[in-house]
Amino acid sequence: MRLGTRQTRYAPISTECGAQGAERGRLDGVAGDIMLAARSLFETRGVRATTVKDIASEAGVTRELVYYYFENKQAVVEAVLDDYVEDLVESVVVWNESRKFGDMAGSLRACVATFRRALYDAAGNPRPMIAVLEELGVRDSFDVRAVRETVDCINGRVVAEYAAYRQIEIDFVYEMFCVVIFGLVGLVKLNPDISDETLMKVIEQTLRLDMKPLEPPDSDDASGE
């Protein structure tokens, strides 16, 4: 078992997996308002069709104030991309905090539901984020970053909790989570109608998860595995 080992070539990211860590990654105040205004316009009008003047008007500020917080439009674009990553990592945090100790089947089902909600709406259509990424031509690089930061979060918290109560049956744990997430994205693109049960089974078999229920170690409710 290689728990938390990085065999990949990129450098580690220094991030926290937790609600506070996710919140610290968000822009707030006027800068946050400007970023959210830009995000809304990018998703409805498109990036190229949106000007700094449009963003300022949507945010209810002057163009000068936009340039006070952001060097140029590209800096606003980068802030929106950062916010998309925070959305994905935060969804993992929320899922992790809602898990019931020992209920692997329930946790896995909620995980698959979280995955679907992160990328698709209730009708199965891609989230507006996808169109923005494709217009910018950064879908592949964004996917790499999003998977890296998501797996950092999972590896730093969820895997450690699992290993405290169950035997990990695979080597290169970090890398296998990368394979799973990239694979799920590709699998759903290949077969949009694939069932949650099938996705659950794919994850279970790939990671060789122990699906047996566990009782809490004490009388207090515990979360995690």
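Residue numbers count from 1 along this sequence. As the structure is a computational prediction, the values presented were derived from the model and not from experiment.
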| task | Return the set of residues passing side chain to side chain contact (heavy atoms under 4.5 Å, CB included) with P128 (not counting sequence neighbours), or none when no residue passes. | result | E43
Pairs under 3.5 angstrom only: tabulate donor-acceptor contacts from the side chains of residues 199-207 to other protein residues two or more places apart or in another chain.
unit_1 : atom_1 : unit_2 : atom_2 : d
T206   : OG1    : V202   : O      : 2.7

| task | Sequence neighbours left out, what pairs pass salt bridge (Lys or Arg N to Asp or Glu O under 4.0 Å) with at least one residue falling in residues 47-57? | result | R45-D54, R48-E135
| task | Would you please name every residue forming a side chain to side chain donor-acceptor pair (under 3.5 Å) with T198, sequence neighbours left out? | result | S195
| field | Spacing of I130 atom CD1 and Y120 atom OH [to the nearest 0.5 Å] | value | 7.0 Å
| remark: Nearest heavy-atom contact between F182 and V144 is CZ-CA, 3.9 Å
| field | Residues that E64 engages under side chain to side chain contact (heavy atoms under 4.5 Å, CB included), provided they are two or more places apart | value | T62
| Side chains of C153 and V93 in contact at under 4.5 Å (non-hydrogen atoms) | yes
| field | Test salt bridge (charged side-chain N to carboxylate O under 4.0 Å, His left out) applied to K212 - qualifying residues, sequence neighbours left out | value | D210
| request: Identify, with sequence neighbours excluded, every residue that meets side chain to side chain donor-acceptor pair (under 3.5 Å) alongside E71. | output: none
| message | Once side chain to side chain donor-acceptor pair (under 3.5 Å) is applied, do any residues pair with D87, and if so which ones, sequence neighbours excluded? | response | R26, R39
| said: Using the side chain to side chain contact (heavy atoms under 4.5 Å, CB included) criterion, which residues pair with A75? Sequence neighbours excluded. | reply: F70, N72
| request: Could you grab the distance from atom CZ of R109 to atom CG of D103, nearest 0.5 Å is fine? | output: 10.0 Å
| task | Kindly write out the residues that satisfy salt bridge (charged side-chain N to carboxylate O under 4.0 Å, His left out) with E169, not counting sequence neighbours, or none if the list is empty. | result | none
| request: Not counting sequence neighbours, which residues clear side chain to side chain contact (heavy atoms under 4.5 Å, CB included) with A59? List them please. | output: I34, A37, V61
| task | Scan for salt bridge (Lys or Arg N to Asp or Glu O under 4.0 Å) pairs involving residues 114-128, sequence neighbours excluded, and state none if there are none. | result | R116-D196
| request: Decide side-chain contact (heavy atoms from CB on, under 4.5 Å) for L136 and L81; before the verdict, give the C-alpha distance in whole Å, the side-chain angles of both, and the deciding distance to 0.1 Å. | output: CA-CA 10 Å; L136 290 169; L81 296 179; 4.1 Å; yes
